[in-house]
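Report on the structure given below.
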4 protein chains.
Amino acid sequence: MDFTKRQKEIIDVSIRLISKGGIQELTIKNISKAIDVSEPAIYRHFDSKIDILLAILSYFEELTGDISEKSFNQEISSLSRIEDFFERLMDEFTENPSMAKVIFSEEIFQNDSRLSEKVVAIMKGHHRKILEVVKEGRENNEIRKDIPEKHITMFIMGAFRLLITRWRLSDFGFDLKEEGKELWNSMKILLSLSQSSVNYQKRIEDYLL
Amino acid sequence: MDFTKRQKEIIDVSIRLISKGGIQELTIKNISKAIDVSEPAIYRHFDSKIDILLAILSYFEELTGDISEKSFNQEISSLSRIEDFFERLMDEFTENPSMAKVIFSEEIFQNDSRLSEKVVAIMKGHHRKILEVVKEGRENNEIRKDIPEKHITMFIMGAFRLLITRWRLSDFGFDLKEEGKELWNSMKILLSLSQSSVNYQKRIEDYLL
Amino acid sequence: MDFTKRQKEIIDVSIRLISKGGIQELTIKNISKAIDVSEPAIYRHFDSKIDILLAILSYFEELTGDISEKSFNQEISSLSRIEDFFERLMDEFTENPSMAKVIFSEEIFQNDSRLSEKVVAIMKGHHRKILEVVKEGRENNEIRKDIPEKHITMFIMGAFRLLITRWRLSDFGFDLKEEGKELWNSMKILLSLSQSSVNYQKRIEDYLL
Amino acid sequence: MDFTKRQKEIIDVSIRLISKGGIQELTIKNISKAIDVSEPAIYRHFDSKIDILLAILSYFEELTGDISEKSFNQEISSLSRIEDFFERLMDEFTENPSMAKVIFSEEIFQNDSRLSEKVVAIMKGHHRKILEVVKEGRENNEIRKDIPEKHITMFIMGAFRLLITRWRLSDFGFDLKEEGKELWNSMKILLSLSQSSVNYQKRIEDYLL
DNA sequence: CATGAATGAGTTTTCATTCAT
DNA sequence: CATGAATGAAAACTCATTCAT
């Protein structure tokens, strides 16, 4: 992305400010105080506050785009690819918890139509991506087929989002990566085709004896 | 709850205002304009803006408390009780979409510690309630036991929250109750013990013949 | 007009401020300082700065409307009615010189379309009024007919406006009413039919003897 | 005048900016944007904003000085010389309407005493010039003598200024040169000695037959 | 001759809240 | 129970100008 150093700095402290106290905390004054310049100086780097928020979204868009590219272009099973995606995302959030607070707070961006549209676009992009991989997973007999694809995506994303929400409401009071791994394990049991059939296959064999 | 008529009115328009444009839209001026009184008049009914937000939370707490009591005290299966709970909630949201927008926007209430603590408390209450019912469901061999209880709750609540989120981001552009029902059907398939075992039980019997 | 006392006060100091240093001098801060209240207090009385400017125009519109009514509804000759109109206007300006500075400064009101439209409307109203009286004056053989009516109005108004302009550029350094009277005398000589014909009529008679 | 190319450019866009939206539109930012340089670059060419306004006045002073020299040094009748002056001025304005908007807006220059003094000086210069020619015209029995010279100048300049004012308020919606010519014709009828005496002389002769 | 970065002072306007009535 | 008038604090943003490069 073509952000200057100062712009990156502003994006960074803005995320931190929002994470600290919501958008109400994101004021030009607070930003300028945080990077120790005068208020008008901010306007050298962004035309308006909305543009800063737009930049935050672009930054997140790029970040998740990069991660998604890395995760989904691997030659591994579908579920492993999704797992990898969320793992990397949680790595990112663990290192930069503010991000987690901002990213799923859609209402921060509801002030302006340009913002809300971008939020929806990003969200749809993620859904599409996951949906795609889920589809593949079904074709390869990896993922169960008895419920609609879109519900599978909703289970995955919903649980993941709720985990993040709890993490930030608990003031980052638990190990996100650890809990995420456990959650994913359960998710795999729930969604994989093999898992369940294996269990019952065994029992059948017992019977057959 | 002991809210006066005017207080209820204020709570109501406040929810609508927040739903329309986030907390930034919730100003004393906007509230007073909406119920057509002067700004100082608001202070006859609430000591401060925070108290209005606190009242919104109380209102939601009471509402969900009522619903949860009705749903969970029925003599039906665990899953049916959970289903009933979400069904009633979606009925409520369909009738009052503003509610849906406000209720899962935890960051609205993060300004003040009294607010955020109450949000966390309410959320924990819901979790506890669902967790309890899930536990029961397992004891009755209704719900699968191969993954931790808390993950089951997270799947249920996560998917439900995400459905609501999508509903409001789509500007209430689909039939929440319809989609909710379908999602729940998939959920039942995923979580119920009987469902899957029945399938395989049948096949076993085939073998046994 | 339905302006409150405070509103009238604000209109008044605003005219004075503009007269002192152009619109650049008309700031909410300066207004509030002048009437010794806080800046936000101004907004109790006018929604915006534009509304203050609009009110100034309304005030002037009403003022000139009143004067024009008084002057033009008299049972005197056309030229006398125009004379009376300008006399009263100059009385007003002498008492309230700030008015003179603001009123002919059309560019003050060019920021906003609502303002500039009102300026044009007021100006056109005056033109129409004078034009009407000029027409009457011609029908009564009071005013010369050898040049278009609209040019007569332009001579009258142009000269009057220029007198005012000079008066304020001279920092109100001469007696406006005195100079205005003299200017009007010349104007009468220039425009009246009788004046010139009388002169020449006399000479003709001399010849005829 | 010794303005550099860049300075002339700045003067030019400044006039255009003022014409577009009053002085409020004349900001260093707008100037620099219009000529596509950085804001500090402006300060290479003018020490301050006041100096730009001063330069605009100088430019106008020089322009009208040139025109006046050309017009008034001709060996034609006084009225023809004045006519020529206004004709050339209107040519100029027609080609550069922004000029017309700025030039008669004395209040633009009232911020600073250096500015307002220069405005007054320029205006007085024009008056003096016209007055001089009017005087000559009277000595040559071209211009009527029954009203004071200074009033003649005021009629001429007042009507001309008002024409310009109307032209810009109408958004340059009519042909200035055409209307100016007609106005001047009426002016000649009004002011020339011969014109009127000729008319009546004829009638006298009729009588005498 | 030009610019990127910065700033102190100021702009209009909004905010939650108070107080006398 | 209500309001008109007010306010300190702060919001986003603009202004003319400076300075190191």
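Order of the sequence lines fixes the chain letters, A, B, ..., with proteins taken first and strands second; residue numbering starts at 1 for each chain. Side chains included, hydrogens not; waters and symmetry mates left out as well; all remaining heavy atoms used. Every value quoted in this text rests on a predicted model; they were computed, and no experiment measured them.
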Dot-bracket for DNA chain E, please, read 5' to 3', with Watson-Crick or G-U wobble pairs under 3.5 Å on both distances, ( ) within the strand, [ ] crossing, | other strand, . unpaired. .||||||||||||||||||||
Which is more 5' along DNA chain F, the nucleotide nearest B:Glu39 or the one nearest A:Pro40? Just name the residue. B:Glu39
Pairwise side-chain contact, B:Ser14 with B:Ile31, heavy-atom cut-off 4.5 Å (strictly under): yes
I'd like to know if the side chain of B:Lys49 and the backbone of B:Leu26 have a donor-acceptor N/O pair within less than 3.5 Å. yes
Within the structure provided, determine whether A:Leu115 and A:Lys118 are in side-chain contact (heavy-atom separation under 4.5 Å). no
With no hydrogens and no angle check, is any side-chain donor or acceptor of C:Gln7 less than 3.5 Å from a backbone partner on C:Phe46? no
Not counting sequence neighbours, which residues clear salt bridge (Lys or Arg N to Asp or Glu O under 4.0 Å) with A:Glu25? List them please. A:Lys20
Of residues 20-33 of chain B, the positions that come close to DNA chain F - non-hydrogen atoms, cut-off under 4.0 Å: none
Heavy-atom check, side chain of B:Glu117 versus side chain of B:Val120, under 4.5 Å: no
What's the spacing between A:Leu54 CG and A:Glu61 CD if we round to 0.5 Å? 10.0 Å
For C:Asp112, salt bridge (Lys or Arg N to Asp or Glu O under 4.0 Å) partners two or more places apart: C:Arg114
Side chains of A:Arg44 and A:Arg6 in contact at under 4.5 Å (non-hydrogen atoms): no
Quick check for you: name the first and last nucleotides of DNA chain F, 5' to 3', having an atom under 4.0 Å from a heavy atom of chain C. F:dA5 to F:dA9
Determine whether A:Asp12 and A:Lys8 satisfy the following criterion, salt bridge (charged side-chain N to carboxylate O under 4.0 Å, His left out), listing intermediate values before the conclusion. CA-CA 6 Å; A:Asp12 204 58; A:Lys8 273 180 204 140; over 6 Å; no
Hey, what's the ring geometry for A:Phe60 with A:Phe93, parallel, tilted or perpendicular (30° and 60° as the breaks)? parallel
Measure the CD1-OG distance between B:Ile52 and B:Ser58 for me, rounded to the nearest 0.5 Å. 12.5 Å
Can you pull out the residues from residues 41-57 of chain B that lie within a 4.0 Å heavy-atom distance of DNA chain F? B:Ala41, B:Arg44, B:His45
